Amino acid sequence: MLNKGCSEEEIFTFFSQKKREDMDHDYILSSMCTIPHPVAVRAHCMFMETNLGDPGLFLGTASLEQLLIERLATLFHLPTAGGYATSGGTESNIQALRLAKVSKQEVVYPNIVVPESAHFSFRKACDLLSLEMRPVPLDRNFRMDAEKAAEQIDKNTICLVGIAGTTEYGMVDPIADLAKIADAQDVLFHVDAAFGGMVIPFLNNPIPFDFALPGVSTIAVDPHKMGMSTIPAGCLITRDPDLLHSLNIDTPYLSVKQEYTLAGTRPGAPVVGALAVLDYLGKEGMRAVVSGCMKNTDRLIAGMELFGIPRAVTPDVNVATFTCRGIPEPWKVSWTRQGHLRIVCMPHVHLDRIEAFLKDTGEMYA
Ligand code: 0PR
């Protein structure tokens, strides 16, 4: 730390330089985050100092968090569902598994049954909670095989996990079948819709994945992905609004005497940002955003296939994957564990960027 502070001008000149080292969003095709919507930025700035970790001090902000949960619960077909705002999918998934663990405390060697496509946050969660992770193979279309999932469940299984919008291939697992299995076997069923939760409800033909299916217990959904909020904004939604209280611990000197969240200090700013986007765009606006992303995904797939670069699979949401050797600089893409090229058509990836990428790729493969 400097002994004597320097001028604001100096600091921000240095920061500007550093910011220029960041990747330009015009070339980012690999990210599940995007440029936040202007109303999210405005709300974020307005609530910058708020801390949901001590909600009694910020009653207004805390009620906006509840409003966000209500909006998402209603979108997921159960207005009475509960939940709270997390820092993102990782925290939501950890908390869902904590809920599962406390609900079956009698199990000595607990396991969870997850698709092989599960996000690496489940690995972290299993580590923290000492859970055995049982990966279930995928079918030809990179979706969890429900029959094989059923075979993996035993008396020590505390949670079945399905993914609605997989990180790598953008697939939706057979959530309806899995929900039936979970219901029949009496295990908690967590749906990781961190990405798909803000996409699937706005598709022309939404795939069932939410509380409309009786077996679904909890859902992770991230406004900081397709919800275009500022970072960090995730949500864990629970069918039973009281379920979270099973995680309560005493917080004697706070404005609330008990707390079930994982983080202590929690930013209100991105939470209000998330609500601002939903209320500003409404269902109609969200449908338009999602429809644009899906059209761009289709255009990208069609364009790549014209160059002889085939899709790995036809995705359910806006993630396109290809069998491909490489792509030109300076485009930033990602590669799946199986070696497929992966491109996420986020809201900042406008049609003109897809066309520019296709032009560069076409020249490379000509
Ligand atoms: N569940 C699913 C299905 C996800 O795709 C992700 C993240 C998570 C959970 C974890 O969410 P948090 O990262 O919010 O805790 N998926 C992206 C990924 O790992 C996150 C990401 C976003 C990565 C932007 C890179 C990036 O530039 O690929």
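In this text, all values refer to a predicted model and were calculated from it rather than measured experimentally. Atoms within a ligand are numbered from 1 in the order they appear, just like the ligands themselves.
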Test ring-ring contact (aromatic ring centres under 6.0 Å, His included) applied to H25 - qualifying residues, sequence neighbours left out
H348

Residues that Y169 engages under ring-ring contact (aromatic ring centres under 6.0 Å, His included), provided they are two or more places apart
F142, H340

Please produce the table of protein N or O atoms sitting under 3.5 Å from N or O atoms belonging to ligand 1, one pair a line, distance to 0.1 Å.
unit_1	atom_1	unit_2	atom_2	d
ligand 1	1 (N)	D192	OD1	3.2
ligand 1	1 (N)	D192	OD2	2.7
ligand 1	5 (O)	T167	OG1	2.7
ligand 1	11 (O)	G89	N	3.4
ligand 1	11 (O)	K225	NZ	2.9
ligand 1	14 (O)	G89	N	3.2
ligand 1	14 (O)	D222	OD2	3.3
ligand 1	14 (O)	H224	NE2	2.9
ligand 1	14 (O)	K225	NZ	3.0
ligand 1	15 (O)	G89	N	3.4
ligand 1	15 (O)	T90	N	2.8
ligand 1	15 (O)	T90	OG1	2.6
ligand 1	19 (O)	H119	NE2	2.9
ligand 1	27 (O)	S31	OG	3.0

Those residues that, when tested against R134, pass salt bridge (charged side-chain N to carboxylate O under 4.0 Å, His left out) (two or more places apart):
E132, D154

Note: E168-R342 ion pair, threshold 4.0 Å (strictly below):
no

Identify the heavy atoms of I28 and M23 that sit nearest to each other, and give their distance.
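Nearest heavy atoms, I28 then M23: CG1-CG, 3.4 Å.
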
In this structure, would F195 and I231 fall into the same cluster of hydrophobic residues linked by side-chain contacts under 4.5 Å?
no

